[in-house]
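Take a look at the structure set out below.
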Amino acid sequence: MENLAQKVNDNYKFLSLLSERFPTIAAVSAEIINLRAILDLPKGTEHFLSDLHGEADAFLHILNNCSGVIREKVDLAFSHLISAPERAELATLIYYPRRKLANLKKTMPPDRMADWYRITLHRLIEIVRIVSMKYTRSKVRKALPDDFAYIIDELLHTNYDAVNKELYYDKIISTIIEIGRADAFIESISTVIKRLAVDHLHIVGDIFDRGPRADIIMDSLRAHHKVDIQWGNHDILWMGAAAGSAACIANVLNVSLQYNNLDVIETGYAINLRPLTTFAQEIYAEDDCAPFFPRLLDEAGGYDPKHLALVAKIHKAIVVILFKLEGLLIQRNPDFAMEERLLLDKIDYEKQTIELDGKTYPVRDCNFPTVDPADPYRLTDEEQELISRLVYNFTHSGKLQWHIRFLYSQGGLYKCYNDNLLFHGCIPLEPDGSFTKIHIDGRELWGRSLMDYADKMARQAYFAPEGSSARQRGLDFMWYLWCGKHSPLFGRTRMTTFERYLIADKSTWSEGKNPYYELNNDPEVAVRIIREFGLDPEHAHIINGHVPVKYKDGESPVKAGGKVIVIDGGFCRAYQPTTGLAGYTLIYNSYGLRIVSHAPFASTRQAIEKDEDILSTSTFFETMTERQKVADTDEGRRIAGEIADLRLLLDAYRLGYIKEQEKK
């Protein structure tokens, strides 16, 4: 009793505040019963994706089909009742309700629509019932759209054994059809199915670059009910650009121009590139800019040669500015230890050669009218004006800023969630498997401390006062995270942009991977990393992306005896010839973990018109001996803490330390 009294006294202010929410013994008891019941429910399904790289159509399809989970539920409910083509059509309707309805109405006679609606609505309600089984009725209600919440809730709890009830529910469905609300109801219920099929979405980095419309992906993520994001190197580049880093902006444009992808910049984010275009046309009017022609992901795309020639000129203009900006940044940050990347001053402009590592190479293109060999990193007045305007455009793009703030609010360098460690790139290691120790800002950092520091600096770049030294340091560090030799997001010894454009000898293009990428198949190394982040190695996994898994060469995404899962399998079309497939995703439900491999996605139009799904292969690689419950998750541990607090409040009421309040 004395211990209880002391505990109540120690927590009296907190318990008093808690009593305002639960003013009676009955209210506290009801909440304890409710929370205790939640702990015994199956854990929700988690869905992991990485390295989306702007491939909006493929991403949205996999998001809609939940890596095959929706089709599984359709087959579970109806495999013995309706044909495979009918099940495929029902699944497509759930993925794309509005567009599939429009397509069906083109071919279905109007006099058949009422019967089709009636059958389809009953089937959709059955799918909702299946996907909602693991949730409380309260949670399901919260997932329902306002317009149809009461109706769906009623239909979900149908008792078809009661004749009167069956007539009542048939009347509801008939009325929905009669008053012309069937289409809206189908859209709403399809949204509910997708929301309940996956409880939590994890994006393990690299939303941006290469593919055409990262902005569309960001729009869909903002609309998702529960998502977290681990920043990738391409995400951090765009974050740095949005924060005002000139070097990051130049790199963003370099990558976009390299893949002939300006839609996301000009259409998606309304960033004006006219000044850059005009500058490039003037400076390189007589230059073919051959090394800077874009890579074409679709060789049969029917590209306009004049357009490609213009893109090459713009590309060269920004790349020269990029080399200058990076040189200035390296010079003002000696602790980055990247002086070997200062290359403009190593060129012999008369001989058109450069010496690297004691060897001399011809330079493919030495026509740099804006470079002063005596002071090669100085921006001309025109270049300075141009980059100032680009900084203004990036920092004042409303939609870009909206998306980047979302990345900051929902993202980070890493996340520990439900006994899994999520990060995009690597934890820098030495060849012997020990953590690389980095000296920066007068501190020695490694492992988790390095990740925490990098996360802090990324936030400092965006939120520190404009014009402050802290802001500038953060902006420079964002660039380091993009390409620094000890960056956990980059994971390579150097970025050979200069060599790839200007030196034909491919031996100079090597970028040397961090030892992590060889050692991540070693169970002892995986355990060491897991412990560094405070997780239990017996149950925890590392989940990351960044380096595509070469499936066609026999490489497995599951490494270190199941402790490491790499889910970059080639979502981006540029990587698919290397990987042999079109991406991996990961599903973690109450039964275990399974990796899902995906074939290339044809098109949204083909999916809707022909009911073609992405061909996916699902493999369980870790099955739980007992079905996991909410009690086994981070959410369950939080709920258990709430229950402990409520039990203490209940004791305080019963023993008279806090008095019950009358209901008003």
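Values in this document were obtained by computation on a predicted structure and should not be read as measured data.
Applying ring pair (Phe, Tyr, Trp, His ring centres under 6.0 Å) to Trp238 and the options Tyr462, Phe406, Tyr269 leaves one that passes, Tyr269. Results of the side chain to side chain contact (heavy atoms under 4.5 Å, CB included) test with Val204 over Ile229, Ile567, Asp228 single out Ile567 as the only residue that passes.
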Quick one: do Val566 and Val564 satisfy side-chain contact (heavy atoms from CB on, under 4.5 Å)? Show the steps, please. CA-CA 7 Å; Val566 182; Val564 178; 4.2 Å; yes
One pair to check against side-chain contact (heavy atoms from CB on, under 4.5 Å): Ile587 and Leu593. What are the steps and the verdict? CA-CA 6 Å; Ile587 296 290; Leu593 293 106; over 6 Å; no
Working for side-chain contact (heavy atoms from CB on, under 4.5 Å), residues Leu49 and Phe59: CA-CA 9 Å; Leu49 297 89; Phe59 165 75; 4.0 Å; yes
Quick one: do Tyr516 and Glu430 satisfy side-chain hydrogen bond (donor to acceptor under 3.5 Å, both in side chains)? Show the steps, please. CA-CA 8 Å; Tyr516 171 86; Glu430 295 298 308; over 6 Å; no
Which is it for Tyr453 and Phe477 under the ring pair (Phe, Tyr, Trp, His ring centres under 6.0 Å) test, yes or no, and what are the steps along the way? CA-CA 10 Å; Tyr453 175 84; Phe477 197 79; 5.3 Å; yes
Trp402 and Ser397: side-chain contact (heavy atoms from CB on, under 4.5 Å), yes or no, with the steps? CA-CA 9 Å; Trp402 189 52; Ser397 166; over 6 Å; no
Could you walk me through whether Lys43 and Asp199 satisfy the salt bridge (charged side-chain N to carboxylate O under 4.0 Å, His left out) test, starting with their C-alpha distance in whole Å, then the side-chain angles of each, then the deciding distance to 0.1 Å, before giving a yes or no? CA-CA 9 Å; Lys43 80 173 283 293; Asp199 189 49; over 6 Å; no
In sequence, state the C-alpha distance, the side-chain angles, and the governing distance for His486 and Tyr480, and then conclude on side-chain hydrogen bond (donor to acceptor under 3.5 Å, both in side chains). CA-CA 9 Å; His486 293 307; Tyr480 180 86; 5.4 Å; no
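Looking at every heavy atom in both residues, Ala241 comes nearest to Thr395 through O-CG2, 4.4 Å. Cys426 and Ser487 make their closest contact through SG-O, 4.4 Å (heavy atoms, listed as atom of the first residue, atom of the second, distance). Here the closest non-hydrogen pair linking Asn544 and Phe423 is CB-O, 2.5 Å. What you find for Arg448 and Phe533 is that their closest heavy atoms are NH1-O, 3.1 Å.
Side-chain atoms of Lys559 come within 3.5 Å of backbone N or O of Ser556 as a donor-acceptor pair. Thr436 places a side-chain N or O within donor-acceptor distance of the main-chain N or O of Leu429, the cut-off being under 3.5 Å. Looking at Glu266, its side chain never comes within 3.5 Å of a backbone N or O of Asp263 through a donor-acceptor pair. With hydrogens and angles disregarded, no donor-acceptor distance shorter than 3.5 Å links the side chain of Thr45 to the backbone of Val198. For Asp51 (side chain) and His546 (main-chain N/O), a donor-acceptor pair under 3.5 Å exists by modelled atom type. Ser16 contributes a side-chain N or O that, together with a main-chain N or O of Tyr12, makes up a donor-acceptor pair within less than 3.5 Å. At least one donor-acceptor pair under 3.5 Å links the side chain of Arg341 to the backbone N or O of Met495. In this structure, the side chain of Gln460 engages the main chain of Ala470 through a donor-acceptor pair within 3.5 Å. Between the His541 side chain and the Ile543 main chain, no donor and acceptor come within less than 3.5 Å of each other. Looking only at distances, no side-chain donor or acceptor of Lys629 sits under 3.5 Å from a matching main-chain atom of Gly636.
The aromatic rings of Tyr408 and Trp231 lie perpendicular to each other, with more than 60° between the two planes, well past the 30° mark.
With contacts defined as side-chain heavy-atom distances shorter than 4.5 Å, the pair Phe14/Asp645 qualifies. Two residues are said to be in side-chain contact when any heavy atoms from C-beta on lie closer than 4.5 Å; Gln628 and Asn418 fail this criterion. Using a 4.5 Å cut-off on side-chain heavy atoms (C-beta onward), Leu39 and Ile643 make contact. A 4.5 Å side-chain heavy-atom check between Thr585 and Phe48 finds every atom pair outside the cut-off. At a threshold of 4.5 Å between non-hydrogen side-chain atoms, the residues Leu60 and Ile216 count as touching. Using a 4.5 Å heavy-atom cutoff, the side chains of His403 and Asp219 are in contact. Side-chain atoms of Arg528 and Phe435, non-hydrogen and from C-beta on, do get closer than 4.5 Å to each other. Residues Val319 and Phe292 meet the side-chain proximity criterion, which asks for heavy atoms closer than 4.5 Å.
The stretch residues 453-480 participates, sequence neighbours left out, in these salt bridge (Lys or Arg N to Asp or Glu O under 4.0 Å) pairs: Arg332-Asp476, Asp335-Arg473, Asp441-Arg473, Asp455-Arg459. Every pair passing side-chain hydrogen bond (donor to acceptor under 3.5 Å, both in side chains) that includes a residue from residues 246-257 is listed here, sequence neighbours excluded: Asn251-Glu326, Asn251-Trp482, Asn254-His315, Asn254-Tyr501.
Asp206 and His424 share a side-chain donor-acceptor pair at under 3.5 Å. Inspection of the Thr493 and Glu511 side chains reveals no N or O donor paired with an N or O acceptor under 3.5 Å. Residues Glu518 and Asn520 bring no donor and acceptor atom of their side chains to less than 3.5 Å of each other. There is no side-chain donor-acceptor pair under 3.5 Å between Tyr259 and Asp209. At a cut-off of 3.5 Å, with distance as the only test, no side-chain donor of Asn420 or His202 sits close to an acceptor on the other residue. At a cut-off of 3.5 Å, with distance as the only test, no side-chain donor of Asn589 or Glu46 sits close to an acceptor on the other residue. For the residue pair Tyr588 / Arg594, no side-chain donor-acceptor distance below 3.5 Å is found, with atom types taken as modelled. A side-chain donor-acceptor contact under 3.5 Å links Ser67 and His47. Judged purely by distance below 3.5 Å, without hydrogens or angles, the side chains of His200 and Tyr417 pair a donor atom with an acceptor atom.
For Glu642, the side chain to side chain contact (heavy atoms under 4.5 Å, CB included) partners at least two apart in sequence or on another chain are Leu35, Arg638.
How far CG of Leu489 is from SG of Cys483: 11.5 Å, rounded to the nearest 0.5 Å. The CD1 atom of Ile542 sits 9.0 Å away from atom CG of Leu535, with the distance rounded to the nearest 0.5 Å. Atom CG of residue Asp632 and atom CG of residue Asp419 lie 9.0 Å apart, to the nearest 0.5 angstrom. Taking CD1 of Ile330 as the reference point, atom CD of Glu340 lies at 7.5 Å (rounded to 0.5 Å). Atoms CG and CG, from Leu343 and Asp345 in turn, are 7.5 Å apart once rounded to the nearest 0.5 Å. Atom CZ of Arg378 is separated from atom OG1 of Thr370 by 9.5 Å, given to the nearest 0.5 angstrom.
A cation-pi arrangement is absent between Lys346 and Phe498 under the rule of less than 6.0 angstrom and at most 45 degrees off the ring axis.
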